[in-house]
Asker: 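Input: one structure, supplied below.
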Amino acid sequence: MDTAPPRDSELTYRDAVEADVRVLVPLIESAYRGDASRTGWTTEADILGGQRTDPEGVRAVITRPGSRLMIVERDSAPIACCQLEHRGDAAYFGMFAVRPELQGAGLGRSIIAEAERSAREHWGVRQMQMTVISVRDELIAWYERRGYRRTGELSPFPYGDERFGIPRRDDLAFELLVKDLV
């Protein structure tokens, strides 16, 4: 699915600030929900309707101690983002979004590698963790090709809490994926 990764010199990385919330929410939404998300391959539109996040959720990631929302820019324009949260010997990787029309060109591979490097450098963590909706086989396979492994550890999907979307299926759960960084 991915082609050659972009030259790293094309991308710049920085931590988001509260003023970035207004551009980050639509970026994240476009990668996961609605018809616009179908341009890329990471869409959740067939399994979840409603919102993926909201300004309060993004602001919380930006301002929470031990948490960073990394923005990826090309020519000063935000094209992707990801959350990094310090959790002891591990970092949590989440809220990963790449503009749908740019997906499949190797950006994700470069971004996740930078996120892993940054978490090791800033926090000295030994492991990266993430949760993925367990029915997202193609996405899980993509992470496995990047060295992540399924743990079989499931946590329930928050049915009834529309802040996380409106489920179109009744079999959703989150699976913990991990990668050793040492």
Side-chain angles (χ1 to χ4, degrees), residues 5-34 36-37 39-40 42-45 48 50-133 139 142-143 146 148 158 161-165 174 176-179 181:
R7 293 183 319 273
D8 287 338
S9 62
E10 296 178 1
L11 304 177
T12 58
Y13 299 85
R14 67 177 176 85
D15 286 348
V17 296
E18 287 191 63
D20 293 315
V21 170
R22 64 178 179 74
V23 296
L24 288 171
V25 171
L27 170 67
I28 295 163
E29 290 294 315
S30 73
Y32 290 96
R33 303 290 162 76
S37 70
T39 304
T42 62
T43 184
E44 295 174 342
L48 292 164
Q51 70 180 28
R52 170 65 165 79
T53 192
D54 56 28
E56 294 76 26
V58 173
R59 191 172 291 106
V61 171
I62 292 170
T63 61
R64 184 177 319 132
S67 177
R68 302 168 52 211
L69 189 56
M70 188 167 59
I71 297 179
V72 184
E73 296 174 322
R74 179 181 283 154
D75 299 324
S76 301
I79 61 168
C81 68
C82 64
Q83 169 191 10
L84 295 170
E85 185 175 305
H86 189 199
R87 297 182 177 177
D89 287 340
Y92 178 80
F93 178 83
M95 211 174 275
F96 188 26
V98 175
R99 284 184 23 200
E101 68 274 15
L102 300 176
Q103 293 176 14
L107 282 171
R109 186 177 336 156
S110 294
I111 294 165
I112 199 166
E114 174 60 17
E116 292 165 357
R117 185 205 63 74
S118 180
R120 274 192 316 267
E121 182 179 294
H122 283 88
W123 297 317
V125 296
R126 304 172 56 82
Q127 187 178 77
M128 188 75 86
Q129 302 175 347
M130 69 176 72
T131 55
V132 178
I133 296 174
L139 182 59
W142 186 86
Y143 283 119
R146 310 273 122 22
Y148 287 80
D161 188 343
E162 292 187 8
R163 292 178 304 156
F164 299 97
F174 293 107
L176 177 66
L177 277 62
V178 299
K179 178 179 181 179
L181 298 180

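Only heavy atoms go into these numbers, but all of them, side chains included; no hydrogens, no water, no symmetry mates. Start at 1 with the first residue, then count along the sequence. All values reported here derive from a predicted model rather than from experimental measurement.
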Asker: State whether W123 and R120 meet the cation-pi test: NZ (Lys) or CZ (Arg) under 6.0 Å from the six-membered ring centroid, and within 45° of the perpendicular axis.
Answerer: no
Asker: Using the rule given for salt bridge (Lys or Arg N to Asp or Glu O under 4.0 Å), can you reason through R68 versus D15, listing the C-alpha separation, both sets of side-chain angles and the distance that settles it, and then say yes or no?
Answerer: CA-CA 6 Å; R68 302 168 52 211; D15 286 348; 3.0 Å; yes
Asker: Determine whether R33 and E44 satisfy the following criterion, side-chain contact (heavy atoms from CB on, under 4.5 Å), listing intermediate values before the conclusion.
Answerer: CA-CA 6 Å; R33 303 290 162 76; E44 295 174 342; 2.8 Å; yes
Asker: Can you check whether L84 reaches H122 side chain to side chain, under 4.5 Å on heavy atoms?
Answerer: no
Asker: Do other residues, nucleotides or ligands put more than 12 heavy atoms under 6.0 Å from the CG atom of D75?
Answerer: no
Asker: Checking the side chain of Q51 only, and the main-chain atoms of R163 only, is there a donor and an acceptor separated by less than 3.5 Å?
Answerer: yes
Asker: Check for a donor-acceptor pair, side chain of S67 on one end and backbone N or O of V61 on the other, with a separation under 3.5 Å.
Answerer: yes
Asker: Is there a side-chain contact between T53 and Y32, using heavy atoms and a 4.5 Å cut-off?
Answerer: no
Asker: Evaluate the side-chain contact (heavy atoms from CB on, under 4.5 Å) criterion for residues R74 and L107: first the C-alpha distance (whole Å), next the side-chain angles of each, then the deciding distance (0.1 Å), finally the verdict.
Answerer: CA-CA 11 Å; R74 179 181 283 154; L107 282 171; 3.6 Å; yes
Asker: Which is it for E29 and R52 under the salt bridge (Lys or Arg N to Asp or Glu O under 4.0 Å) test, yes or no, and what are the steps along the way?
Answerer: CA-CA 6 Å; E29 290 294 315; R52 170 65 165 79; over 6 Å; no
Asker: Taking 4.0 angstrom as the limit, do D20 and R14 come out as a salt bridge?
Answerer: yes
Asker: Parallel under 30°, tilted from 30 to 60°, perpendicular over 60°: which one fits the rings of F96 and Y143?
Answerer: tilted
Asker: Counting C-beta onward and ignoring hydrogens, is there a side-chain heavy-atom pair between L181 and Q127 closer than 4.5 Å?
Answerer: no
